[in-house]
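A note on names: the letters A, B, ... follow the listed sequences, proteins ahead of strands, and every chain is numbered from 1.
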Amino acid sequence: MKVWILHHRDALLLALRRLMAMPLNLVLSLLAIGIALALPAGGQMLLANALRLAGDTTPTPQISLFLSLNADQKTVHDIDDQLRNHPGIKSVRFISRDETLARMKKNEGLNDVIEALPRNPFPDAFVVRPENEGPEAMEQLASELGKLPKVEHAQLDSEWVRRLDALLNLARTGVALLALLLGVGLVAITFNTIRLQVLTGRAEIEVSRLLGATDGFIRRPFQYFGLIQGLLGGLVAWLIVAGVTLWLRSPVDAMAHTYGVAFTLTPLGGVDSALLVLAAATLGWLGASLSLRQHLFRQG
Amino acid sequence: MIRFDHVSKRYPPGINALIDVGFEAGKGELLVIGGHSGAGKSTLLKMIAAIERPTGGAVLVNGQNIGGLKRSAVPYLRRNLGLVFQDQKLLFDRNVFDNTMLPLAIAGFPPAEAKKRVHAALDKVGLLARDKAMPIMLSGGEQQRLAIARAVVGRPNILLADEPTAHLDDVTARDVARIFLDFHQVGVTVLIATYDASLFPAARCLTLDHGKLQ
């Protein structure tokens with residue numbers, strides 16, 4: 001047990017010495033790994049923000065019914081009764097045309113336009129929440145309600161949510177694909193670094209073997225090397241993403257403000273950050289192990 | 001301690017390095033293997049350390065059949081042997097102390113104990129004052145003594161040396177031979193392959209000729 005700890009400590013120290021022995025190589029490798037990993041990590045950061053934004057603004061699935069402008073009080077009452085007694089409907093909210101007009105007038109830009117109009121352009125409307133929120137059931141309900149007398153238009157408010165969902169799914173797949181490709185890239189970078197190390201360290205490896213070194217003893221410093229290089233590369237990627245987040249924050253704030261949304265770009269979350277660094281370290285270790293199998297243990 | 005039983009070694013294109021070699025070296029014995037260059041002396045020593053495997057017969061060290069050792073068991077065999085190579089195989093990127101330390105680091109010795117042993121081994125070969133020197137700064141005789149220090153630092157009970165006095169002038173060669181005699185005297189089994197057996201007058205001598213024992 002004690003010997004095991006000693007061996008690992010020595011291997012770790014040796015790996016660190018080898019890393020520090022060629023600082024330029026180290027910096028270049030870390031930049032290559034960092035930038036490669038910053039792409040999927042940055043994508044994940046943007047995606048997480050987009051999801052948060054979508055989550056904030058996604059309304060509950062609902063159907064809006066717009067009545068024709070000439071619908072009278074009685075028709076409105078009839079429809080209201082029908083909707084309230086409909087078994088497929090959970091709740092109904094009536095929004096009168098006067099209410100809508102008042103709300104729209106509060107909007108700075110629209111006020112002048114509305115003032116200029118000869119009469120209220122807005123129709124009476126019902127906002128319906130269905131019992132069954134599945135997309136097909138909602139579509140069916142919408143087309144049924146659209147056939148009620150004096151209902152001019154039934155609009156499914158969930159339609160754009162579904163499109164947004166599909167878009168975010170696409171983005172998620174893109175980030176995963178990017179992570180996979182650049183993960184393979186990281187393995188390749190480590191593979192090559194270790195290959196060069198094995199070639200330059202041939203004498204030491206040979207002598208160590210002759211003096212009774214086990215395969216593990218020879219492998220360990222290289223594996224630590226790959227692991228530490230991956231870990232540091234992951235940290236560089238994290239720093240790049242954090243820097244980009246800070247840089248983009250004020251322009252994004254400004255843009256969100258013009259849309260009347262309070263939205264601040266947040267950096268990578270704790271879980272995502274830990275995952276990034278952990279994955280980078282694991283891939284570094286994997287690249288080193290593959291390289292060792294290829295270049296160290298193929299011959300007898 | 002070491003037994004060769006009808007041992008042959010044939011290299012692929014049909015070159016016979018050793019043919020039906022049989023001998024035994026007892027515990028604490030000093031054995032010199034003589035013969036012309038290319039007679040198979042190095043091959044014989046390499047078989048004891050499982051660097052080469054016999055193509056016929058059996059090599060036994062402490063009763064263990066070396067030819068049948070698993071790859072994973074070889075390191076533990078080598079830790080019980082002291083090896084002095086013909087080309088020394090010193091590491092030129094580290095100093096005398098660290099070269100001598102290598103076998104102990106491999107075996108996982110506690111650092112404090114290892115340090116004491118390294119100093120003792122370097123003292124034994126007369127290099128203690130030069131422990132911070134790089135191997136490139138050492139003379140031929142000093143490099144050979146460093147190779148011996150590295151071989152004995154793990155206190156093996158078998159010491160194998162391949163041409164340890166080659167390329168050394170007479171005085172230095174006698175110095176180096178003296179060190180091997182000292183180890184023999186404290187009970188270490190010593191096998192030395194050399195073209196110049198006269199340096200070890202007290203030793204039993206085997207002579208190889210084109211792979212055969214005379």
Side-chain angles (χ1 to χ4, degrees), chain A residues 1-26 193-225 228 289 292-300, chain B residues 42 45-46 48-53 69-94 98-115 121 135 146-147 149-156 158-162:
Chain A
M1 189 61 192
K2 236 177 137 185
V3 171
W4 185 84
I5 292 171
L6 268 176
H7 271 152
H8 276 270
R9 195 205 59 179
D10 286 351
L12 186 64
L13 289 175
L14 183 58
L16 285 172
R17 260 205 308 279
R18 285 182 185 163
L19 275 166
M20 296 309 175
M22 290 188 288
L24 184 65
N25 273 15
L26 178 64
T193 320
I194 298 299
R195 186 179 68 90
L196 294 175
Q197 291 240 331
V198 168
L199 288 179
T200 50
R202 275 244 173 266
E204 183 181 352
I205 292 167
E206 190 207 345
V207 171
S208 300
R209 274 228 175 97
L210 289 171
L211 296 178
T214 56
D215 288 347
F217 181 88
I218 292 169
R219 213 185 287 131
R220 239 174 266 130
F222 294 109
Q223 283 173 331
Y224 271 116
F225 187 99
I228 295 168
S289 298
L292 290 171
R293 189 186 293 178
Q294 188 75 10
H295 300 107
L296 205 49
F297 299 107
R298 220 171 20 168
Q299 79 283 20
Chain B
S42 294
L45 289 186
K46 281 177 181 168
I48 299 169
I51 299 167
E52 299 276 2
R53 307 256 177 161
L69 276 187
K70 271 196 249 161
R71 184 188 152 85
S72 58
V74 170
Y76 302 97
L77 164 78
R78 290 188 185 155
R79 288 180 198 180
N80 291 323
L81 303 173
L83 299 173
V84 179
F85 304 97
Q86 194 167 7
D87 54 354
Q88 295 165 341
K89 298 198 186 296
L90 300 175
L91 293 175
F92 287 88
D93 63 347
R94 63 198 73 189
D98 289 336
N99 263 285
T100 315
M101 179 66 122
L102 189 57
L104 300 182
I106 286 169
F109 263 75
E113 165 80 7
K115 200 174 165 187
L146 171 56
R150 190 183 63 185
V152 300
V153 74
R155 297 186 188 161
I158 299 174
L159 183 55
L160 308 174
D162 195 356

With a 4.5 angstrom heavy-atom cut-off, which part of B:A107 approaches chain A: side chain, backbone, both or neither?
backbone
Backbone N or O of A:R209 within a donor-acceptor pair of the B:R78 side chain at under 3.5 Å?
yes
Considering only heavy atoms, which portion of B:F85 lies under 4.5 Å from any heavy atom of chain A: side chain, backbone, both, or neither?
side chain
Give, for atom CG of A:L211 and atom CG of B:L102, the distance between the pair rounded to the nearest 0.5 Å.
5.5 Å
Where is the tightest heavy-atom contact between B:K89 and A:V207, given as atom of each residue plus distance?
O-CG2, 3.4 Å
Most heavy-atom pairs under 4.5 Å with chain A, out of B:P110, B:G108, B:P103, belong to B:G108
For A:R220, is it the side chain, the backbone, both, or neither that has a heavy atom closer than 4.5 Å to a heavy atom of chain B?
neither
Give me the atom names and distance for the closest heavy-atom approach of B:F109 to A:L6.
O-CD1, 3.7 Å
Give the minimum heavy-atom separation between A:L210 and B:L83, together with the two atoms involved.
O-CD1, 3.5 Å
If every non-hydrogen atom of B:P75 is compared with every non-hydrogen atom of A:A213, which pair is closest and at what distance?
CG-O, 3.6 Å
Using every non-hydrogen atom in the two residues, find where B:P111 and A:R9 come nearest and quote the distance to one decimal.
CG-NH2, 4.1 Å
